Visitor: 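Got a structure for you, written out below as structure tokens; questions coming shortly.
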Amino acid sequence: MKDCKIAFIGGGNMARSLIGGLIADGFTAQHLHVSDPNPSNLQSLSDSYPIQTFSDNVSAITNCNVVILAIKPQQLQTVVKQLAPHWQNNTLLISIAAGIRLEDISRWLEKDNAAIVRAMPNTPSLVQAGATALYANEYVETAQHELAESVLRSVGLALWVDDETKIDAVTALSGSGPAYFFLVMEAMENAAIELGLEPEIARLLCMQTAFGSAKMALESDEIAATLRQQVTSPGGTTERGLHELEDGDLRGLFENALVAAALRSRELAIQLGEDDA
Ligand SMILES: NC(=O)c1ccc[n+]([C@@H]2O[C@H](COP(=O)([O-])OP(=O)(O)OC[C@H]3O[C@@H](n4cnc5c(N)ncnc54)[C@H](OP(=O)(O)O)[C@@H]3O)[C@@H](O)[C@H]2O)c1
């Protein structure tokens with residue numbers, strides 16, 4: 001992996017976090033190319049890392065084994081069509097753009113057998129604590145699978161799914177998940193302020209509790225339901241609080257939220273996959 005060359009198309013937030021993660025993992029910075037139309041994005045990246053920067057996408061992908069599309073979903077079609085005439089057959093394409101399906105990328109690339117991986121990372125990737133699901137088409141070779149996985153693992157957890165339609169469920173769970181947890185934190189903080197805590201104390205206790213619970217769950221072999229039971233003493237405070245949440249159908253609310261988000265993911269994929277006039 002250390003010998004391969006990787007081009008990032010788009011030098012924004014996600015590219016920056018992946019570049020930082022790869023270099024921290026020992027990847028040779030000189031083997032990383034980045035293109036972006038915004039000179040200040042490129043300058044800020046090259047001020048941080050000794051990578052190679054390009055103002056045009058085609059020059060950036062020359063002689064690269066992997067091309068990572070780190071642009072907004074709405075820009076993807078134009079960029080893929082621009083790269084198509086210059087595409088080398090053995091290059092691996094990794095798209096991290098939310099919602100764009102592999103069949104649409106292949107069609108815009110005008111290659112039936114291009115090796116393409118679709119990755120669905122989430123926002124905590126920006127602090128190297130991401131959760132990414134990956135899906136590869138049939139043309140991705142074993143070494144390319146490993147390469148794609150190590151790129152995304154440089155910013156957190158990376159897991160493969162065996163069917164592209166599962167990306168909609170992933171989007172609903174880990175893609176949108178950070179916002180659900182932020183809402184829960186916001187609601188808990190506000191309730192604690194109502195009970196008399198200073199806002200900063202409520203904020204810090206809430207954040208550390210969320211972090212500590214996630215760390216415990218990650219480090220434990222027990223499922224979440226068991227961990228919950230272990231901290232719920234009969235007749236205690238937690239039991240009383242949980243009773244209110246169950247009574248308000250928190251489980252039903254989350255079920256509805258994930259179903260709605262997955263449906264929206266499917267709708268967006270159809271919309272974003274339409275060919276521009
Ligand atoms: N951020 C996340 O947490 C997250 C999570 C999951 C998935 N994603 C996906 O990751 C992708 C990138 O997200 P991001 O947050 O990194 O976005 P971003 O910060 O806006 O980065 C995109 C970069 O691409 C540049 N760009 C625009 N047009 C271009 C072109 N034609 N060729 C090359 N570069 C171009 C943009 O320049 P300008 O600034 O000048 O427009 C910008 O620097 C998106 O598709 C998003 O769906 C992001």
Side-chain angles (χ1 to χ4, degrees), residues 6-22 32-49 51-62 64 67-84 86-87 93-102 104-105 108-109 116-135 148 151-159 161 167-182 261-262 264-265 267-269 271-273 276:
I6 302 180
F8 286 87
I9 306 299
N13 295 314
M14 280 303 286
R16 174 176 280 278
S17 66
L18 287 167
I19 290 166
L22 283 167
L32 297 175
H33 294 189
V34 184
S35 63
D36 195 291
N38 187 338
S40 64
N41 283 346
L42 294 178
Q43 188 60 50
S44 140
L45 278 168
S46 58
D47 285 347
S48 307
Y49 308 104
I51 54 168
Q52 299 194 48
T53 59
F54 298 82
S55 56
D56 88 285
N57 297 334
V58 172
S59 306
I61 69 165
T62 307
C64 282
V67 173
I68 301 180
L69 301 176
I71 44 181
K72 294 285 184 210
Q74 295 76 6
Q75 296 153 340
L76 205 104
Q77 181 169 168
T78 308
V79 167
V80 173
K81 286 180 173 172
Q82 174 198 35
L83 298 178
H86 310 276
W87 199 256
L93 187 152
I94 303 176
S95 167
I96 61 164
I100 312 269
R101 292 172 301 194
L102 295 193
D104 297 315
I105 300 176
W108 298 329
L109 205 53
I116 311 179
V117 167
R118 179 174 166 192
M120 181 63 215
N122 66 2
T123 313
S125 305
L126 302 177
V127 292
Q128 264 78 48
T132 300
L134 300 148
Y135 175 75
V151 170
L152 274 306
R153 218 189 308 114
S154 76
V155 291
L157 176 78
L159 301 174
V161 292
I167 293 281
D168 293 320
V170 167
T171 305
L173 176 64
S174 51
S176 304
Y180 309 152
F181 284 113
F182 293 142
R264 182 64 184 142
S265 170
E267 273 171 22
L268 282 172
Q271 206 177 308
L272 291 163
D276 292 340

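Small disclaimer: the values here were computed from a predicted structure and weren't measured. The first residue in the sequence is number 1, and the count goes up from there. As the structure lists them, so they are numbered: ligands from 1, and atoms in each ligand from 1.
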Visitor: Could you tell me whether a side-chain N or O of N57 sits under 3.5 Å from a main-chain N or O of I9, the two making a donor and an acceptor?
Guide: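 Checking the backbone N and O of I9 against the side chain of N57, no donor-acceptor pair under 3.5 Å is found.
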Visitor: Between the side chain of R16 and the main-chain N/O of S44, is any donor-acceptor distance below 3.5 Å?
Guide: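 Pair found, side chain donor or acceptor close to backbone of S44.
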Visitor: Any protein N or O within less than 3.5 Å of an N or O in ligand 1? List each pair with its distance, or say none.
Guide:
| unit_1 | atom_1 | unit_2 | atom_2 | d |
| --- | --- | --- | --- | --- |
| ligand 1 | 3 (O) | T123 | OG1 | 3.4 |
| ligand 1 | 16 (O) | N13 | N | 3.2 |
| ligand 1 | 16 (O) | M14 | N | 2.8 |
| ligand 1 | 17 (O) | K72 | NZ | 3.3 |
| ligand 1 | 19 (O) | N13 | N | 3.0 |
| ligand 1 | 19 (O) | N13 | ND2 | 3.2 |
| ligand 1 | 28 (N) | Q75 | NE2 | 3.4 |
| ligand 1 | 32 (N) | N57 | ND2 | 3.1 |
| ligand 1 | 37 (O) | D36 | OD1 | 3.3 |
| ligand 1 | 43 (O) | D36 | OD2 | 2.6 |
| ligand 1 | 43 (O) | N41 | ND2 | 2.7 |
| ligand 1 | 45 (O) | I71 | O | 2.5 |
| ligand 1 | 47 (O) | A98 | N | 3.2 |

Visitor: With sequence neighbours excluded, tell me which residues meet salt bridge (charged side-chain N to carboxylate O under 4.0 Å, His left out) with R101.
Guide: D104
Visitor: Please determine, by modelled atom types, if R264 and S176 share a side-chain donor-acceptor pair under 3.5 angstrom.
Guide: no
Visitor: Any heavy-atom pair between the side chains of I100 and W108 that's under 4.5 Å?
Guide: yes
Visitor: Is the closest side-chain heavy-atom distance between L18 and F8 below 4.5 Å?
Guide: yes
